[in-house]
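The structure under discussion appears below in the form of structure tokens.
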Amino acid sequence: MTKNENFKEYGMPVVVLVAICFVTTLLLALTNSVSEPIIIKNQAITATANRKELLPDADDFTQLELDKYASSSDGMANVTEVYKANNDTGYVMTCITKSFGGDLTMMVGLDATGAVTGVKVTDHADTPGVGTKDQDPEYLAQYISKTALSGEDVKKEADFNFITGASVSGTAIHKGVYAALAQYAELGGAK
Amino acid sequence: MKFVIIIISMVLVNNYPLAQFLGICPFLGVSKDLNSSTGMGIAVTFVMVLATAVTWPIQQLLNRFGIGYLQTVVFILVIAALVQLVEMFMKKSMPALYKSLGIFLPLITTNCAVLGVCITNIDSSYNYIESLVNAFGAGIGFLFAMVVMAGVRTKLVDQSRIPESFRGVPIVLITAAILSLSFMGFNGMFS
Amino acid sequence: MEERKRIDVLLNGLIKENPVLVLVIGTCPTLATSTSVETGFGMGLAATAVLVCSNIVISALHNIIPDKVRIPCFITVIAGFVTIVQMLLQAFVPSLYSALGLYLPLIVVNCIILGRAEMFASKNGVLDSALDGIGMGLGFTLTLVIMGTIREVLGSGTWLAGDWFGLAKGFKGIPLLSNFIPGMSIMTMVPGGFFVYAIVMAAVHYFTKDKSKIRNEFGCDGCANAGNCADGECVQK
């Protein structure tokens with residue numbers, strides 16, 4: 001085989017493949033630079049809108065920088081962000097909790113008396129259908145105006161309409177609310 | 001204990017073809033007899049674990065450089081290259097194994113279950129060991145579904161009178177529907 | 001190619017060679033995203049966009065790409081477009097992005113796209129490949145919308161519910177059945193998916209019985225890997 005043929009046999013495929021990969025990467029980087037700021041902005045807008053929805057009395061929010069965030073006793077649910085209403089009407093906490101398909105992100109609104117004003121799941125990886133039944137507003141509304149939970153086990157909660165088919169995510173959400181209430185207690189109420 | 005739960009949940013509750021709609025093509029296409037479904041199932045399990053073993057560290061690398069958006073491109077290329085490599089290696093050094101498993105390997109590149117398990121591992125923020133266990137569980141679940149399906153199908157073809165319009169693919173889909181219906185019974189096994 | 005044939009190329013994917021109902025490929029996203037008309041339609045459009053773009057690029061490049069690295073090259077091109085669609089959806093239609101979830105990156109391994117690249121785009125011109133992509137994509141979308149309609153109407157009693165790309169925020173849907181009977185949520189779950197798919201396919205078989213050759217078995221025709229499958233020996237044979 002001559003050198004030229006050798007190149008055609010082994011060199012060409014490598015060169016073409018590398019070139020295609022390179023061009024693809026460039027295009028992706030370009031798209032990313034366009035879309036990423038919009039995505040981040042969108043997320044911020046949705047997050048603020050969600051917080052307002054959970055705590056309608058609040059005017060605007062300030063994020064609190066805390067040294068220690070509350071967790072459920074098994075460490076499955078963790079409070080990650082605490083937002084305080086600027087007009088002292090309460091807090092909205094973001095919790096990340098382990099559900100069936102992975103991390104489930106939720107927000108819990110608490111008013112000045114420490115009662116839950118709303119719970120909302122903002123991101124999850126659960127199977128749509130049964131696994132997301134307990135993300136319905138009707139189900140989550142059961143938490144509203146509770147100031148304390150009986151425990152970390154959702155099944156032991158009194159007067160609670162629990163969805164049997166979605167026990168993992170139901171428990172995950174329950175632990176998230178529990179952690180948020182613990183965080184509230186740690187903050188010493190709305191000041 | 002956690003690993004056991006991951007495996008059992010991937011096999012029974014979150015079974016890929018029957019509960020998550022992943023890997024349907026081979027599930028319907030290759031489940032005609034017991035031999036080929038076992039072969040396909042083992043090959044998929046093998047590639048899933050191998051692909052996870054390689055893609056998980058790569059994702060950490062991508063994250064470090066802030067180019068996580070290349071995930072899909074890099075993963076699918078790595079899987080394609082990996083499958084090719086395994087096939088070549090098997091052909092050379094293990095001809096007997098190649099004869100029984102090797103023919104399924106090229107089909108696996110475009111099997112969405114493999115890419116699915118790699119991405120799910122990242123999305124669920126599993127650590128390395130958990131990811132490997134999860135991939136193994138998903139593979140075993142796939143194998144299990146394939147074998148059950150093959151068992152039903154062998155009987156189906158031999159012993160039943162099927163309405164003309166339902167012959168072929170539709171009756172296989174009906175079988176899959178009934179199978180997945182029975183697998184729904186495992187829902188909520190873990191809480 | 002003459003004008004007539006061009007139209008054939010376009011219409012082929014819609015009915016005669018409908019990828020989902022006749023070629024039986026791309027089954028995973030079909031089953032997973034046809035839970036409602038909105039998600040099905042969104043998935044169909046996303047896949048169509050990727051399919052048309054990748055068909056155009058691949059048919060334009062097919063003379064340059066060496067045969068040996070054909071598949072990796074195709075995959076890279078497809079994966080690139082998928083990621084672009086993914087990023088654009090996340091930026092501009094976040095509701096659809098989260099509704100499709102894992103199945104959005106999985107468009108990469110949708111057999112329809114690689115299959116068309118291998119079987120059509122790498123052998124035909126740019127214009128024909130684009131038309132083929134549009135036809136196949138619309139065939140895919142059409143099937144998803146039909147299945148989405150059946151599953152949504154039976155499953156939740158409404159039709160066309162959703163945000164519709166932000167155009168109709170929180171639209172509750174047309175209550176076709178929900179005023180009479182409660183939704184059968186099994187239809188939006190996994191078994192319902194298989195069941196509706198089977199019924200739709202059986203219906204197609206029933207109505208096309210005499211007109212065209214129906215496929216009763218899975219075969220290599222629709223398989224993207226038919227070419228390199230175990231040295232040309234398909235597992236099926």
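Only heavy atoms go into these numbers, but all of them, side chains included; no hydrogens, no water, no symmetry mates.
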Could you check A:Asn42 against C:Gln90 for side chain to side chain contact (heavy atoms under 4.5 Å, CB included), going step by step and ending with a plain yes or no? CA-CA 9 Å; A:Asn42 275 349; C:Gln90 193 180 5; over 6 Å; no

For chain C, the option from [options] that forms the most heavy-atom pairs under 4.5 Å:
options                            : answer
A:Thr31, A:Thr24, A:Val15          : A:Thr31
A:Asn32, A:Ile40, A:Leu27          : A:Asn32
A:Ser35, A:Cys21, A:Pro37, A:Ala19 : A:Ser35

Toward chain A, the part of C:Ser98 with a non-hydrogen atom under 4.5 Å: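 It is neither, since no heavy atom gets under 4.5 Å.
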
Need one label for C:Pro94: side chain, backbone, both or neither, based on atoms under 4.5 Å from any heavy atom in chain A.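 Side chain only.
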
Considering the options C:Ile75, C:Val69, C:Ile65, which one meets the side-chain contact (heavy atoms from CB on, under 4.5 Å) requirement together with A:Ile20?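 Only one option passes, and that is C:Ile65.
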
Heavy-atom closest pair, residues C:Pro66 and A:Met12: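 So the minimum-distance heavy-atom pair works out to CG-C, 4.0 Å.
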
Looking at A:Ile38 and C:Ala91, what are the two nearest heavy atoms and their distance?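 Heavy atoms only, the tightest pair is CG2-O, 3.6 Å.
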
Could you tell me whether C:Tyr103 atom OH has more than 12 heavy atoms of other residues or ligands within 6.0 Å of it?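 Yes, because the 6.0 Å sphere around OH of C:Tyr103 holds more than 12 heavy atoms from other groups.
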
Rounded to the nearest 0.5 Å, how far apart are CE of C:Met87 and CG of A:Leu30?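 So the CE of C:Met87 and the CG of A:Leu30 are separated by 9.0 Å.
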
Any side-chain heavy-atom pair from C:Cys73 and A:Val16 closer than 4.5 angstrom?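 Touching, per the 4.5 Å side-chain cut-off.
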
Between A:Glu36 and chain C, with a heavy-atom cut-off of 4.5 Å, which part of the residue counts as in contact: side chain, backbone, both or neither?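 Contact with chain C is absent: no heavy atom of A:Glu36 under 4.5 Å.
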
